[in-house]
Protein chains: 2
Amino acid sequence: MADPVSSGLPLHPAQGAWVPISALESETGLTREVIRKWESRYGFPQPKRDKNGDRIYPVEQVVCLRLIRRLLGAGMRPGKVVGLDLAALEQLSGQLLPPEATATSAEHFSQQVLDALSRHDLIRLDCLFRQRLFRVGLSLFVRETVSISIALVGEAWLRGTIRVFEEHLFTEIVSSILRDAIRTVTEPSGSPRVLLSTPPEEIHTMGLLMANAELSLHGAYCIGLGAQTPATEIVAAVDACHIDVVGLSFSIAHPVRDVARFLRDLSSRLAPSVEVWAGGQGVLRSPRIAGVRYFHDLDEIELALAAWKSRHDGPRSEPELD
Amino acid sequence: MADPVSSGLPLHPAQGAWVPISALESETGLTREVIRKWESRYGFPQPKRDKNGDRIYPVEQVVCLRLIRRLLGAGMRPGKVVGLDLAALEQLSGQLLPPEATATSAEHFSQQVLDALSRHDLIRLDCLFRQRLFRVGLSLFVRETVSISIALVGEAWLRGTIRVFEEHLFTEIVSSILRDAIRTVTEPSGSPRVLLSTPPEEIHTMGLLMANAELSLHGAYCIGLGAQTPATEIVAAVDACHIDVVGLSFSIAHPVRDVARFLRDLSSRLAPSVEVWAGGQGVLRSPRIAGVRYFHDLDEIELALAAWKSRHDGPRSEPELD
DNA sequence: TGTTGAATTTGTCCTGGACAATTGCGGAGA
DNA sequence: TCTCCGCAATTGTCCAGGACAAATTCAACA
C-alpha cells in the first residue's frame with residue numbers, strides 16, 4: 001500500500017511544497033475570493049508570499065481545506081471549522097459518516113481492490129469487479145461493492161494516499177463495467193421513462209451510472225444526458241422526450257444550499273405530473289423541497305419504482321412481472 | 001425569491017433576459033476578472049446594473065463572448081476582436097473552418113441524423129448510427145460518420161438551432177456506441193500501450209473515444225484516464241502503467257498557447273522513449289513542440305501505429321512486471 | 001411549544017491598481 | 001531579403017479593502 005512520504009503529501013511532486021492560489025482554487029473547489037475572505041476573517045489558510053507578493057500555500061493546507069469543504073457540505077458553518085487543525089477536522093469528519101460501511105464480508109474484497117489499484121494492475125482490477133458482479137448480481141454489486149469501493153477510494157484521495165490518476169483509473173474501470181451491465185439489462189419500452197443528469201456544477205457521473213443500473217434493472221427506461229445540464233435544458237428535455245421522472249445526482253462536494261436552490265428552481269418549472277428524484281451524498285443534509293423525493297440509499301430506488309408503477313397502472317395495460 | 005434569471009441560459013425561452021456575471025462566467029468559460037477587465041479596456045461587454053449595482057448582461061452578449069472565445073482559441077488577440085459586433089464575429093468565425101465537411105455521400109445520412117435529433121427520436125438515432133457502423137465498418141464510421149456528425153451538431157449549437165440538451169443526447173448516444181465497439185475490438189495484450197486523456201481544462205472526451213476506437217482497431221492497447229488529467233499525473237501514470245504513447249485531445253475551445261505550454265511541459269517531463277501524440281481541432285494551429293507528434297486527421301493514426309511498430313519490433317511484447 | 005424579528009455570519013460583487021508574462025514590431029546584422 | 005534580438009504594448013492574474021443581500025442563529029414573546 002502506498003504511503004505518503006514523510007516530507008509531505010504527493011500532491012505536487014514536481015512543484016514542491018507550495019502552491020499558488022490558482023492551484024488551490026482548482027484543488028479545493030473554493031473560489032479565490034472565498035479563500036481570501038477566510039484568511040482575513042478566520043486567519044486561515046495562512047499563506048506565505050512569493051517574491052511578487054502573491055500568496056503561496058503549503059500543501060498541508062490543501063488537505064485541510066478539502067476536509068473543511070466536506071464538513072461545510074455536511075452543513076457545518078465556516079466560523080466553527082475554518083482554522084481548526086488537521087486532527088480536529090479529521091475527528092469531525094469521522095463523525096460524519098458512521099462507520100457502517102466496512103461490512104466484514106466486503107473488507108477482504110475492498111482490500112484487494114486497493115491493492116490492485118496501488119499496483120496499477122488494471123487487468124486484475126477489472127477481473128475483480130467483473131467476478132464480483134457475476135457473483136452477487138447487479139443490484140448488490142451496485143448497492144454494496146461499488147458504493148463501498150467509491151467511499152474507500154474517495155477517502156484515500158482526500159488523505160492524499162492515492163494519486164489523481166489512480167482515482168481516474170478506478171473510475172474508468174468501474175464506469176465501463178457499469179455501462180456494460182446497463183446496456184445488457186435495459187428494456188427499451190420500460191417505464192417510467194427517467195431522465196438522468198447532474199446539475200451544472202457537478203461533473204461526476206458515477207452516481208448516475210449506479211442509479212441507472214438499479215433503475216434499468218427494475219424495468220425503468222433511462223435516458224442519460226451526461227453531466228452538467230442547466231435546469232432550463234432539463235425542462236426542455238422532459239417535454240421533448242416524454243419523461244416521467246427526472247433523476248439527479250449530487251456529490252458530497254456540493255454545498256447544501258445550492259442543492260436546494262437548484263431543486264426548487266427545477267421543480268417549480270416542471271409540470272406537476274413529472275417527479276423529481278434526487279440522490280447522492282450531497283443530498284443527505286439538504287433542506288427538503290416540496291415535490292422532490294430524496295434518496296438516501298440506492299435500495300430505495302426499487303421501492304420508489306414499485307410505488308410509481310402502482311400509481312400509474314390505470315390508463316395502461318400493465319405487463320408487470322411480480 | 002430571486003427567480004427571474006437564476007440559473008441556466010435563457011437563450012431560447014426569454015428573449016429580453018439578463019444574466020448576472022456569475023452566469024456569464026459559466027456560460028462563456030471566461031473568468032469574471034477577465035470579463036471586467038475587458039469592459040474597462042475595450043468597452044465590451046456592456047452590462048447594465050441591477051438595483052444593487054451588480055452587473056447584468058443581455059443574453060445577446062453571451063453569444064458574442066462565446067464567439068470571441070473561439071476566435072481567441074484560434075490565435076486572435078483580444079484587442080482586435082473584443083468589441084466587434086455579432087456580424088463581424090461570425091464572419092471571422094466563418095473563415096476559421098473552411099466548409100469542407102459536407103461530403104456529398106454523407107449528406108443524406110447527416111440530414112437523417114439532424115432530423116431524428118430534432119424529433120428527439122433516440123431509438124431512431126441509435127439505429128441510424130448502429131446500422132451505419134455495420135455498413136461501413138468501425139474505421140470509416142469513426143473517421144467519417146462520427147466526425148461529420150459532430151461538426152454538424154457543433155455548428156448547429158453555435159448558431160442556436162439546437163439546444164444544449166439535444167447536443168447532450170447526441171453525445172451520449174454516439175459515445176455509447178463507440179464505447180461498445182471499442183470493448184469489442186480491444187486486444188488486452190496489444191501494443192503500443194497508449195494512455196489517453198485530456199488536459200485539465202478540457203472536458204470533452206468524444207475525441208478520445210474516436211482515437212481509442214481507431215487505435216484499438218489497429219492493435220494498440222488503450223488505457224483511458226477520462227478527462228482533465230494534470231501533466232504531473234500523466235507522468236506518474238506513464239510510469240506506473242508502462243505506457244509507450246500518450247494520446248491527448250484538444251478541442252477547438254482550447255487557446256493555442258495553452259496547448260503548446262501543456263505539451264511542452266508534459267514532453268519535458270517524460271522519458272524520451274515515451275511518445276506524445278496530440279490531436280483534435282485545438283491542435284491545428286498550435287505552434288509545434290519538439291517531441292510531439294501532431295494529428296490533423298484520424299487517418300494518420302493507422303500510419304503512426306505502423307511506424308511505431310516497425311520501430312519497436314525488436315523487444316516485442318516483453319512483459320515487465322515489478 | 002412554536003413563531004417572529006433582530007443580530008450575526010457568510011458568500012458574492014465592487015473599484016482601481018500593480019505587475020509579470022506574452023506578443024508584436026522595428027531595426028540591426030547576415 | 002531574411003533572421004534574430006530587444007523594446008514597447010498588450011493582457012491575464014493577483015491584490016487590498018469595502019459593501020451588501022441572503023442565510024442562519026438566537027432570543028424574546030405569544
Side-chain angles (χ1 to χ4, degrees), chain A residues 18-26 28-44 47-57 65 68-69 71-83 201 254-261 264-265 285-287, chain B residues 1-3 5-7 18-26 28-45 47-57 65 68-69 71-83 201 255-261 264-265 285-287:
Chain A
W18 300 88
V19 296
I21 197 172
S22 57
L24 195 60
E25 205 174 12
S26 62
T28 64
L30 299 164
T31 313
R32 70 185 71 207
E33 295 182 296
V34 169
I35 294 170
R36 285 199 281 253
K37 269 293 176 254
W38 284 1
E39 179 188 337
S40 78
R41 282 177 181 154
Y42 317 116
F44 184 88
K48 271 175 52 174
R49 302 298 180 123
D50 67 7
K51 64 176 196 300
N52 301 326
D54 293 357
R55 292 173 172 82
I56 47 172
Y57 300 84
L65 287 173
I68 288 170
R69 182 145 194 260
L71 293 173
L72 295 191
M76 300 195 181
R77 312 230 42 200
K80 309 280 180 179
V81 293
V82 177
E201 303 81 24
H254 239 93
V256 284
R257 68 175 168 290
D258 290 356
V259 175
R261 188 181 312 164
R264 177 168 25 209
D265 182 35
R285 305 184 182 233
S286 160
Chain B
M1 300 303 163
D3 265 331
V5 284
S6 56
S7 72
W18 300 82
V19 295
I21 197 171
S22 56
L24 196 60
E25 203 174 13
S26 63
T28 63
L30 299 165
T31 314
R32 70 186 72 206
E33 296 182 296
V34 169
I35 295 170
R36 286 199 280 253
K37 268 294 173 254
W38 284 1
E39 180 188 338
S40 79
R41 283 177 182 155
Y42 317 116
F44 185 88
K48 272 174 55 175
R49 301 299 178 124
D50 67 8
K51 64 176 197 298
N52 301 325
D54 291 358
R55 291 172 173 84
I56 47 173
Y57 300 85
L65 287 173
I68 288 170
R69 181 144 194 262
L71 293 173
L72 295 190
M76 301 197 181
R77 311 237 37 206
K80 308 282 180 180
V81 293
V82 178
E201 304 82 24
V256 284
R257 63 175 173 288
D258 291 357
V259 174
R261 187 182 309 162
R264 178 169 24 215
D265 181 36
R285 303 180 184 238
S286 159

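Numbers restart at 1 for each chain; the letters A, B, ... are given by sequence-line order, proteins then strands.
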Revision key, fill the gap. The residue, B:K51 or B:G79, whose nearest nucleotide of DNA chain D is more 5′ is B:G79

Exercise for review: Can you figure out which of D:dG12, D:dC15, C:dG11 approaches the side chain of B:W38 most closely?
Suggested key: D:dG12

Exercise for review: Rounded off to whole Å, could you give me the CZ-to-P distance for the A:R36 and D:dT13 pair?
Suggested key: 13 Å

Point to revise | Gap between atoms CG and P, on B:L24 and C:dC13 respectively (whole Å) | key: 11 Å

Check your understanding: Nearest nucleotide by nearest heavy atom, which residue falls closer to the 5' end of DNA chain C, A:P78 or B:G53?
Key -> A:P78

Study note, to complete from the structure: B:E39 CD to D:dT11 C1', in whole Å, measures 16 Å

**Study point:** Side chain of A:N52 (C-beta onward), nearest among C:dT12, C:dA20, D:dG12
**Key:** C:dA20

Check your understanding: Can you find a donor-acceptor N/O pair under 3.5 angstrom joining the side chain of B:K37 to the base of C:dG16?
Key -> no

Check your understanding: Under the 3.5 Å rule, do the base of C:dG11 and the side chain of A:R41 count as making a donor-acceptor pair?
Key -> yes

Practice item. Please figure out whether A:R49 or B:T31 has its closest DNA chain D nucleotide nearer the 5' end. Key: B:T31

Review point. So what does B:S40 hit on the nucleic acid, given a heavy-atom distance under 4.0 Å: a base, only sugar-phosphate, or nothing?
Key: nothing

Review point. A:I21 and A:R36: side-chain contact (heavy atoms from CB on, under 4.5 Å), yes or no, with the steps?
Key: CA-CA 9 Å; A:I21 197 172; A:R36 285 199 281 253; 4.1 Å; yes

Review point. Side chain of A:I21: nearest nucleotide among C:dT12, C:dC13, D:dC15?
Key: D:dC15

Check your understanding: How would you label the contact of B:R55 with the nucleic acid (heavy atoms, under 4.0 Å): base, sugar-phosphate, or nothing?
Key -> sugar-phosphate

Review point. B:D54 CG to D:dG18 P: how many Å, rounded?
Key: 19 Å

Practice item. Please state how far atom CG in A:L30 lies from atom C1' in C:dG11, giving the value in whole angstrom units. Key: 11 Å

Review point. Is the side chain of A:N52 donor-acceptor paired with the backbone N or O of A:D54 at a distance under 3.5 Å, no angle test?
Key: no

Review point. Would one find a side-chain N or O of A:Y42 under 4.0 angstrom from OP1 or OP2 of C:dT10?
Key: yes

Practice item. Take A:E33 and B:R32 through the side-chain contact (heavy atoms from CB on, under 4.5 Å) test and state the conclusion after the steps. Key: CA-CA 11 Å; A:E33 295 182 296; B:R32 70 186 72 206; 4.1 Å; yes

Practice item. Write down the distance between NZ (B:K80) and P (C:dT23), rounded to a whole number of angstrom. Key: 15 Å

Review point. How many angstroms lie between CD in B:E25 and CG in B:L65, if you round to the nearest 0.5 Å?
Key: 12.0 Å

Check your understanding: In terms of side-chain heavy atoms of A:E33, which of C:dG11, D:dT11, C:dC13 is nearest?
Key -> C:dC13

Check your understanding: Which part of the nucleic acid does B:R77 contact within heavy-atom distance under 4.0 Å: base, sugar-phosphate only, or nothing?
Key -> sugar-phosphate

Revision key, fill the gap. Separation of D:dT25 atom C1' from A:M76 atom CE, nearest Å, is 16 Å

Point to revise | Side-chain touch B:F44/B:I68, heavy atoms, less than 4.5 angstrom | key: yes

Review point. Atom CD1 of B:I35 and atom OH of B:Y57: how far apart are they, to the nearest 0.5 Å?
Key: 5.5 Å

Practice item. Nearest whole angstrom, please: distance from the P of C:dT22 to the CG of B:L72. Key: 17 Å

